[in-house]
Colleague: 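This is the structure I have questions about; it appears just below.
Being a predicted model, the structure only gives us computed values, none of them experimental.
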2 protein chains.
Amino acid sequence: MARNREFNTDDALDKAMLLFWNKGFNGVSTQEIIDDLNISKSSMYGAFGDKMELFTLTLLRYSSKIIVDINNEFEISQNVKMTFKKILSQIYKEALSKKLNNGCFIVNSTIELAPHNKKIAKIVSDHRTKLEDIFENAINKAIEKKQVPATKNAKQISCFFCNTINGMYVDSKYIRTKTSYENTINTVIASLD
Amino acid sequence: MARNREFNTDDALDKAMLLFWNKGFNGVSTQEIIDDLNISKSSMYGAFGDKMELFTLTLLRYSSKIIVDINNEFEISQNVKMTFKKILSQIYKEALSKKLNNGCFIVNSTIELAPHNKKIAKIVSDHRTKLEDIFENAINKAIEKKQVPATKNAKQISCFFCNTINGMYVDSKYIRTKTSYENTINTVIASLD
DNA sequence: AAAATAAAGGACTGAATGTTCCATAATTTA
DNA sequence: TAAATTATGGAACATTCAGTCCTTTATTTT
């Protein structure tokens, strides 16, 4: 050990995450990053490797946070249907309240990078698998509790919900009317009846 | 009039469209464009203005083509449900058959540019409005023909279908299994029953 | 306190970026 | 056929890009 790092690594990752989330990998320059994090280039390269490594760290960080949050939602859940409605509603409420239309960092990265970068494709794909698993477990538990008809296919619906969420995050980039999202959510939630 | 253009403008636009569609605005350089179109820089700038103008032209061209195609589908349609199933299935069949995971040029541009570029946001938003209108008309006609229950809200379902399509185009960037898409489609089509 | 080690600042690099300019070539109109 | 006009090819431009290098500074270990 020798001289200590003068900045907080997690804070720096959070700031970089916001930049990449908002403008994409290609939309942010290294100069912009070091200006925003208020560190020097050598510090950035020393701490995080290169631009793509930094990006990857922020994406993994984002994914973890989302997975933890969604897991929590279902742990405190009394009713799956309500919880799904809450999760879907939060997406558009956040979108409408923010000035930044940054949507979902995972979706953004899927579109921008997944087809041309295997590492990013893996992160995105792993994230999707985790989400679907959480949903599937929640629906199966609800079926056990007779809150959802046993005729429903939990896997199929989980997949469909992920699709809906991805769609909503695309919409959130340019749709600023509550009604549009509520149209979708109402139709979607009905699939659990 | 004077010297004639040596290249075909429409062919050039189609080639440029493929580039942007596959790699996004920021993912394609002017050098790459002129190499691919096999024209000189001055020809490109002379014919299309600048990179963003060229991009905009290709995006509008893409949008028009999609709208014409979808319109045609419903014009030859005997049954809305079948037509929707056909449209949704085509998305994943095309995705699975192609080596390029380019998805939908409109969705890609929505994610990459709409939040930071008003002109692109308008194109994307107009495209969405047109699509929803086509769907709404088709569902209403089907209700008249008693193919769809009159209790259904055509506007709401149209909005939901657009959401589903956007979600599928996100998925198409990294999901290579038929089952996943069929899970979604089966659940979605059921909303017309 | 000295030696070792790691972080920071920032100048620097070479390549790539989007765009412009200009000389030349082709075509049309008068 | 001459003048006008547009297209082409490619050199040139300033800027920005991601990434490196080296000196200085701070901290730890011996």
Colleague: Please determine, for the side chain of A:Arg5, which listed nucleotide (C:dA7, D:dT8, C:dG18) has the closest atom?
Modeller: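 So the side chain of A:Arg5 is nearest to C:dA7.
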Colleague: Find the distance B:Asn8:CG to D:dA7:P and express it as a whole number of Å.
Modeller: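 Answer to the nearest Å: 14 Å.
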Colleague: Taking A:Lys85 for its side chain and A:Asn186 for its backbone only, find out whether a donor-acceptor pair lies under 3.5 Å.
Modeller: no
Colleague: Quickly work out the B:Tyr45 OH to C:dG18 P distance and round it to whole Å.
Modeller: 7 Å
Colleague: Specify whether A:Tyr62 and A:Phe105 have parallel, tilted or perpendicular ring planes, treating 30° as the upper limit for parallel and 60° as the lower limit for perpendicular.
Modeller: perpendicular
Colleague: Side chain of B:Ser40 only, please: which of D:dA7, C:dA8, D:dG9 is the nearest?
Modeller: D:dG9
Colleague: What nucleotide, of D:dT28, D:dT8, C:dT27, holds the atom closest to the side chain of A:Asn4?
Modeller: D:dT28
Colleague: Looking at C:dA7, I'd like to know if its phosphate oxygens (OP1 or OP2) sit under 4.0 Å from a side-chain N or O belonging to A:Ser43.
Modeller: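 No, outside the criterion.
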Colleague: Just the rounded figure in Å: distance from P of D:dA18 to CZ of A:Phe55.
Modeller: 13 Å
Colleague: Report the residues that fulfil side-chain contact (heavy atoms from CB on, under 4.5 Å) with A:Leu57, sequence neighbours left out, ordered by chain and then residue number.
Modeller: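 With neighbours one apart ignored, the set is A:Leu13, A:Phe48.
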Colleague: Separation of A:Phe7 atom CZ from C:dG9 atom C1', in whole Å?
Modeller: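 Rounded to the whole Å, the gap is 13 Å.
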Colleague: For B:Glu6 and D:dT8, give me the distance from atom CD to atom P, rounded to whole Å.
Modeller: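 To the nearest whole Å, that distance equals 5 Å.
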Colleague: On DNA chain D, does the nearest nucleotide to B:Gly46 precede the nearest nucleotide to A:Ser42 from the 5' side, or the other way round? Give the residue.
Modeller: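 Taking each residue's closest nucleotide, the earlier one in sequence belongs to B:Gly46.
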Colleague: Report yes if the distance between the aromatic ring centroids of A:Phe84 and A:Phe161 is under 6.0 Å, otherwise no.
Modeller: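 Yes, the ring of A:Phe84 comes within the 6.0 Å limit of the ring of A:Phe161, centre to centre.
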Colleague: Looking at B:Arg3 and C:dA26, is any side-chain donor or acceptor paired with a base atom of the opposite kind under 3.5 Å?
Modeller: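 There is none.
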Colleague: If Ile, Leu, Val, Met, Phe, Trp and Tyr residues are connected whenever their side-chain heavy atoms lie under 4.5 Å apart, and connections chain through other members, are A:Leu37 and A:Met52 in the same group?
Modeller: yes
Colleague: Whole angstroms only, please: what is the NZ-C1' distance between B:Lys51 and C:dT20?
Modeller: 17 Å
Colleague: May I ask whether B:Ile175 and B:Leu96 are part of the same hydrophobic cluster, defined by side-chain heavy atoms of I, L, V, M, F, W, Y residues being less than 4.5 angstrom apart, directly or through others?
Modeller: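 In one cluster: yes.
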Colleague: Please pick, from C:dT20, C:dA7, D:dT20, the nucleotide with the shortest atom-to-atom distance to any side-chain atom of B:Lys41.
Modeller: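 Ranking C:dT20, C:dA7, D:dT20 by closest atom to the B:Lys41 side chain puts C:dT20 first.
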Colleague: Give the rounded distance in Å between these two atoms: CG of B:Asn26 and C1' of D:dA18.
Modeller: 15 Å
Colleague: Quick one: are the ring centres of A:Phe160 and A:Phe135 less than 6.0 Å apart?
Modeller: no
Colleague: I need the residues from residues 28-38 of chain B with at least one non-hydrogen atom less than 4.0 Å from DNA chain C; give them sorted by number, or say none.
Modeller: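 By residue number: B:Val28, B:Ser29, B:Thr30.
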Colleague: Please report, rounded to the nearest Å, how far the C1' atom of D:dA18 is from the CD atom of A:Glu53.
Modeller: 13 Å
